[in-house]
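Working notes for the structure below.
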Amino acid sequence: MSFGAHEELQLLALLLALGALLALAPALRLPVPVLLVSGGVVLGFVPGLPRIALPPEIVLVAFLPPLLYSAAFFTSLRDLRANLRPISLLAVGLVGVTMTGVAAVAHAWLGLSWPAAFTLGAIVSPTDALAVTEIAGRVVMPRRIVAILEGESLVNDGTALVLYKAAVGTAVGSGFSLLHVGAHLVLNVIGGIAIGLAVGFVVRQVRRRIEDPPIEVALAVLTGYLAYLPASALGVSGVLAAVTVGVYMGWYTPELTNVETRLSGNAFWEILTFLVNALLFVLVGLQLRPIVHALSGSRDYVADAVLICAAVIVIRIVWVPMFTYVPRYLSRSIRERDPYPPWQAPVVISWSGIRGGVSLAAALALPSGFPDRDLIVFVTFCVIVATLIGQGMTLPSLIRAVRLPEDDGGAGREDAKARIKAAEAAMARLEELVDEGAVLPDSAERLRGAYGFRMNRFRARLDGDDDGEIEERSVRYQRARRELLDAERGAVVQLRNAGLINDEVMNRVQRDIDLEASRLDVSPG
């Protein structure tokens with residue numbers, strides 16, 4: 001397939017627009033998904049630009065597996081276990097209640113048949129893992145709230161897609177059975193987790209025998225697909241399979257990789273997820289134009305969309321506080337194990353029900369003859385825009401308005417504890433090396449001083465009894481160290497510019513300098 005000059009210019013215009021949106025994001029201080037979806041909507045109506053139809057399989061197969069794998073890989077398994085009850089109430093209970101509530105509104109006010117109404121409810125019930133992670137990372141929230149939101153968004157897709165398949169089957173005439181749906185849901189969850197674990201075990205054994213950073217990073221990218229595709233082919237949850245293998249590999253990867261692979265992998269995943277998210281959210285925004293053109297008649301589709309958006313938002317606002325406080329009120333054991341949270345926590349979680357690409361993909365995947373398909377697709381898009389832009393943009397203001405209590409400092413204490421333990425292990429090993437005669441006395445003394453200062457510094461952070469002297473000394477040292485590293489870097493570039501060294505040497509030396517700079521707490525400038 002070849003492009004003519006006109007098509008190439010259209011593609012160039014889209015790429016320039018995408019680049020402009022990315023460049024504007026830091027200046028406007030908006031979450032990237034919000035800016036990109038808004039930009040995509042505007043671009044979709046620019047005269048002369050091509051209409052871009054987003055095939056649902058592109059989202060479900062091309063985009064989701066690596067992004068879900070990446071999100072799960074960097075998710076704390078300990079946090080998932082610790083928050084299993086609230087995550088389950090949101091990822092299973094709230095999905096079912098949202099589907100039922102939206103179905104009731106759609107049947108009563110939009111005139112949809114019950115099967116079509118339940119289909120719409122299932123489509124808009126799951127939150128979006130990609131959008132939630134992106135927006136949660138840009139606002140200051142306690143770690144537990146972030147863990148609950150990310151855990152919910154990683155799990156609820158599987159629940160919603162099972163209910164979606166059951167509703168679609170009923171609408172096209174294959175019938176509905178509560179027992180069948182319940183059994184399918186259990187099989188979907190168990191099957192997806194089992195395939196994810198099996199693929200993770202195999203990949204782990206393969207990667208144990210490989211020590212080549214590019215190959216290992218490439219295998220990591222493929223791992224999400226290796227779990228998602230067979231699970232989907234077998235009719236179980238590909239989403240849960242990709243999430244499971246991500247959590248599994250996140251737990252075992254530290255023992256499989258060396259420093260080169262970890263540095264390369266972390267940098268690669270950060271760039272990949274950002275670029276794919278950027279493309280995905282722009283494509284979601286571009287879908288509005290073909291959706292609007294598909295609608296016809298005098299019906300007030302905007303009013304229909306407003307009703308469903310209100311239902312989706314209100315149901316979550318009611319559900320979250322209710323199941324935050326009622327179980328604790330009824331059960332003493334829950335209260336003792338997990339005391340009442342501050343009222344601000346359920347308020348923030350209630351306002352964080354952001355929808356995204358999975359909902360749109362499910363709507364677009366409806367058969368062409370499905371009842372009220374165009375209306376369902378349009379309403380779904382409006383729910384995505386209302387939650388992503390409306391709630392996503394106002395979430396920081398809400399957090400400031402309710403004065404959400406700051407984190408309890410657990411992450412900082414754990415960081416200090418880990419660094420103290422690492423320094424203690426290094427000191428113990430140093431003494432062994434001294435006894436073996438492998439380290440000279442003057443070298444040992446310098447190392448003892450460096451590690452001793454490091455332990456004192458982080459013990460002061462951990463205990464909270466520092467008068468600021470140790471930290472101030474550390475900051476001054478690091479500022480001086482950064483100035484020296486900048487001088488080193490400038491000298492190396494001058495050697496390259498003068499033709500005394502080639503670019504390969506410059507890049508190798510710069511990399512070593514950059515690694516040293518990356519250990520400093522003090523930011524440049």
Q) Does the side-chain contact (heavy atoms from CB on, under 4.5 Å) test come out yes or no for L149 and M141, once each step is laid out? A) CA-CA 11 Å; L149 292 174; M141 289 193 285; 4.1 Å; yes
Q | Worked verdict on I148 versus L90 for side-chain contact (heavy atoms from CB on, under 4.5 Å) | A | CA-CA 9 Å; I148 291 173; L90 292 171; 3.6 Å; yes
Q) Given V168 and K165, is the side-chain contact (heavy atoms from CB on, under 4.5 Å) satisfied, shown in steps? A) CA-CA 5 Å; V168 171; K165 291 178 181 177; 5.8 Å; no
Q.
side-chain contact (heavy atoms from CB on, under 4.5 Å), that's the test. Do Y69 and V243 meet it? Break it down for me.
A. CA-CA 6 Å; Y69 174 87; V243 168; over 6 Å; no
Q: Walk me through it: do F274 and W269 pass the test ring pair (Phe, Tyr, Trp, His ring centres under 6.0 Å)?
A: CA-CA 8 Å; F274 179 83; W269 278 114; over 10 Å; no
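Residues P66 and V276 have side chains not in contact (no heavy-atom distance under 4.5 Å, counting atoms from C-beta outward). Side chains of R332 and R335 form a contact here, defined as non-hydrogen atoms less than 4.5 Å apart. The shortest distance between side-chain heavy atoms of I349 and R316 falls below 4.5 Å. Side-chain contact between Y340 and T324 is absent, with no heavy-atom pair separated by less than 4.5 Å. Residues F381 and V41 form a side-chain contact, since some pair of their non-hydrogen atoms from C-beta on lies under 4.5 Å apart. Side chains of L226 and P230 form no contact here, defined as non-hydrogen atoms less than 4.5 Å apart. V245 is not listed as a side-chain neighbour of L197, based on a closest heavy-atom distance of 4.5 Å or more. Taking 4.5 Å as the limit, some side-chain heavy atom of I308 sits within range of a side-chain heavy atom of L110.
S331 places no side-chain N or O within donor-acceptor distance of the main-chain N or O of R328, the cut-off being under 3.5 Å. In this structure, the side chain of H107 engages the main chain of L112 through a donor-acceptor pair within 3.5 Å. S125 places no side-chain N or O within donor-acceptor distance of the main-chain N or O of A160, the cut-off being under 3.5 Å. Of the possible polar contacts, one joining the Q344 side chain to the V402 backbone as a donor-acceptor pair under 3.5 Å is found. Looking at S153, its side chain does come within 3.5 Å of a backbone N or O of E150 through a donor-acceptor pair. Between the side chain of R355 and the backbone N or O of V124 there is at least one donor-acceptor pair closer than 3.5 Å. A donor-acceptor pair is defined here as one N or O able to donate and one able to accept, closer than 3.5 Å; no such pair exists between the side chain of Y225 and the backbone of P65. The closest donor-acceptor contact from the side chain of T98 to the backbone of V95 lies at 3.5 Å or more, if one exists at all.
Atoms CD and CG, on Q205 and L256 in that order, are 8.5 Å from each other to the nearest 0.5 Å. Note that CG of L21 is 11.0 Å distant from CG of L16, once rounded to the nearest 0.5 Å. S237 contributes atom OG, which lies 12.5 Å from atom CD1 of I190 (distance to the nearest 0.5 angstrom). Here L272 contributes atom CG and S70 contributes atom OG; the two are 7.5 Å apart, rounded to the nearest 0.5 Å. If you take CG on L89 and CD on E152, they are separated by 10.5 Å, rounding to the nearest 0.5 Å. With rounding to the nearest 0.5 Å, the separation of CD1 in I193 from CD1 in I195 is 11.0 Å.
Closest non-hydrogen pair, A116 versus P371, comes out as CB-O, 4.1 Å. In this structure, G250 and P254 approach most closely via the heavy-atom pair O-CD, 3.6 Å. Residues V358 and D128 come closest through the heavy atom pair N-OD1, 3.9 Å. Considering every non-hydrogen atom in both P346 and P321, the closest pair reads CB-CA, 4.1 Å. For the pair F73 and T253, the tightest heavy-atom approach, listed with the atom from each and the gap, is CE1-OG1, 3.3 Å. Here the shortest heavy-atom pairing between P142 and L404 reads CD-CD2, 3.3 Å.
Side chains of S88 and R85: a donor-acceptor N/O pair is absent below 3.5 angstrom, by distance only. For the 3.5 Å distance criterion, the side chains of T127 and N156 qualify, holding a donor opposite an acceptor. For Y248 and R204, the side-chain atoms include at least one donor-acceptor pair closer than 3.5 Å.
Using cut-offs of 30° and 60° on the angle between ring planes, the pair Y301 and F378 is perpendicular.
Around atom CH2 of W251, no more than 12 heavy atoms belonging to other residues, nucleotides or ligands sit under 6.0 Å away. Residue Y325 places its OH atom among more than 12 non-hydrogen atoms of other residues, nucleotides or ligands, all under 6.0 Å distant. At most 12 heavy atoms of other shown residues, nucleotides or ligands fall within 6.0 angstrom of atom CH2 in W109.
The side-chain contact (heavy atoms from CB on, under 4.5 Å) with L366 is formed by just one residue from the set L120, I123, D372, T380; it is I123.
Residues meeting the salt bridge (Lys or Arg N to Asp or Glu O under 4.0 Å) test with R403, sequence neighbours left out: none. By the side-chain contact (heavy atoms from CB on, under 4.5 Å) test, N266 is found to be paired with F74, residues two or more places apart in sequence or in another chain being considered. Evaluation of the side-chain contact (heavy atoms from CB on, under 4.5 Å) rule for D79 yields S76, N83, R143, A147 as partners, not counting sequence neighbours.
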